[in-house]
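See below for the structure under consideration.
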Amino acid sequence: DSGVTQTPKHLITATGQRVTLRCSPRSGDLSVYWYQQSLDQGLQFLIQYYNGEERAKGNILERFSAQQFPDLHSELNLSSLELGDSALYFCASSVGFPGDNEQFFGPGTRLTVL
Amino acid sequence: SQQGEEDPQALSIQEGENATMNCSYKTSINNLQWYRQNSGRGLVHLILIRSNEREKHSGRLRVTLDTSKKSSSLLITASRAADTASYFCATSGGGTSYGKLTFGQGTILTVHP
């Protein structure tokens, strides 16, 4: 158990819908990262927050957005869902200055878009 | 896009044998991390090696880093059936990359009892 929690574990929804994935980092970690894992793209970095501020962006679609709240939990919002958005979505957290520390991953949310 | 290339893509060995996985990357890095993933589950952090380090050990794991060749290797000694999983290397660069990790495609390791 990494100490990073993600809810829900599974999510099944229809095209065009909107979903919210939630992540709680390890106690004391200020950085939260979101990654997407799909069969064709592998593991891809989406976005990073550090102490409430966005710090880095990957190839995140405009239909996707995220935020980190004052209590440091984070939410990833996916809207206008398409079949191709079906994937495993991971949250990771790290302590201290971003970039030089281990990232610990949560168990992931498996999103299925029908 | 993937930064790392992992080799081999799949590895099948017997229990007790050693398993070596290699990772190559393209740009300069701050650190390189290895992860294990069991069958579509979460990623388990194995080890982090920084760009100024050449070798690190953790239990049965040995990681080397050669920044001149932009490559790393993960050695699992005396493998067990429970080591069966996918193994990923991930690099963290500097500058505006901050902490984002760029993953390789992974090596699927199968350890037969």
Side-chain angles (χ1 to χ4, degrees), chain A residues 1-7 9-10 23 25-26 29-51 53-60 86-112, chain B residues 1-7 9-10 23 25-53 56 58 61 63 65 72 74 85-108:
Chain A
D1 184 356
S2 66
V4 178
T5 60
Q6 288 186 248
T7 56
K9 280 187 179 178
H10 302 276
C23 166
R26 295 188 318 157
D29 284 1
L30 298 179
S31 271
V32 169
Y33 311 79
W34 286 96
Y35 293 86
Q36 178 195 59
Q37 185 178 33
S38 62
L39 282 174
D40 53 345
Q41 296 289 328
L43 272 156
Q44 299 275 330
F45 167 76
L46 294 177
I47 198 163
Q48 176 201 2
Y49 282 83
Y50 179 72
N51 204 19
E53 292 185 13
E54 181 186 305
R55 294 301 291 266
K57 246 181 175 178
N59 293 328
I60 187 167
S86 295
L88 257 175
Y89 291 84
F90 288 108
C91 166
S93 73
S94 69
V95 68
F97 186 82
D100 199 36
N101 300 103
E102 294 90 341
Q103 288 186 29
F104 295 93
F105 281 69
T109 293
R110 184 173 294 279
L111 173 66
T112 303
Chain B
S1 63
Q2 304 286 345
Q3 149 102 297
E5 296 286 335
E6 298 196 50
D7 171 54
Q9 289 189 340
C23 167
Y25 56 91
K26 297 172 186 169
T27 60
S28 63
I29 61 172
N30 279 339
N31 65 60
L32 186 146
Q33 305 184 42
W34 284 91
Y35 289 86
R36 183 184 77 230
Q37 185 179 34
N38 290 84
S39 194
R41 295 184 183 174
L43 291 152
V44 175
H45 188 272
L46 297 177
I47 201 162
L48 177 152
I49 186 164
R50 290 188 167 80
S51 59
N52 61 352
E53 298 174 311
K56 279 189 93 167
S58 177
L61 306 180
V63 167
L65 179 64
S72 174
L74 169 67
S86 293
Y87 291 81
F88 295 90
C89 69
T91 56
S92 175
T96 57
S97 298
Y98 290 98
K100 82 171 210 183
L101 290 177
T102 304
F103 283 83
Q105 313 100 310
T107 293
I108 301 172

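In what follows, chains are A, B, ... by sequence order, proteins preceding strands, each numbered from 1. These numbers were taken from a predicted model, which means no experiment stands behind them.
- Around the CD atom of B:E53, the shell of radius 6.0 Å holds more than 12 heavy atoms that belong to other residues, nucleotides or ligands.
- Distance check, rounded to the nearest 0.5 Å: CG of B:L48 to CG of A:N101 gives 8.0 Å.
- For the side chain to side chain contact (heavy atoms under 4.5 Å, CB included) test, residues two or more places apart in sequence or in another chain that qualify with B:T107 are B:E6, B:P8, B:L11, B:M21.
- For the salt bridge (charged side-chain N to carboxylate O under 4.0 Å, His left out) condition, no pair includes a residue of residues 27-44 of chain B, sequence neighbours left out.
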Test log, rule side chain to side chain contact (heavy atoms under 4.5 Å, CB included), inputs A:Y35 and B:L101: CA-CA 9 Å; A:Y35 293 86; B:L101 290 177; 3.3 Å; yes
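- Other residues, nucleotides and ligands place more than 12 heavy atoms under 6.0 Å from the CD1 atom of B:I47.
- At least one side-chain heavy atom of B:Q33 sits under 4.5 Å from a side-chain heavy atom of A:E102.
- Heavy atoms of A:Q37 lying under 4.5 Å from chain B belong exclusively to its side chain.
- Classification of the B:H45-A:F104 ring pair by plane angle, with boundaries at 30° and 60°, yields tilted.
- In terms of heavy-atom proximity, B:Q37 sits nearest to A:F90 at NE2-CZ, 3.6 Å.
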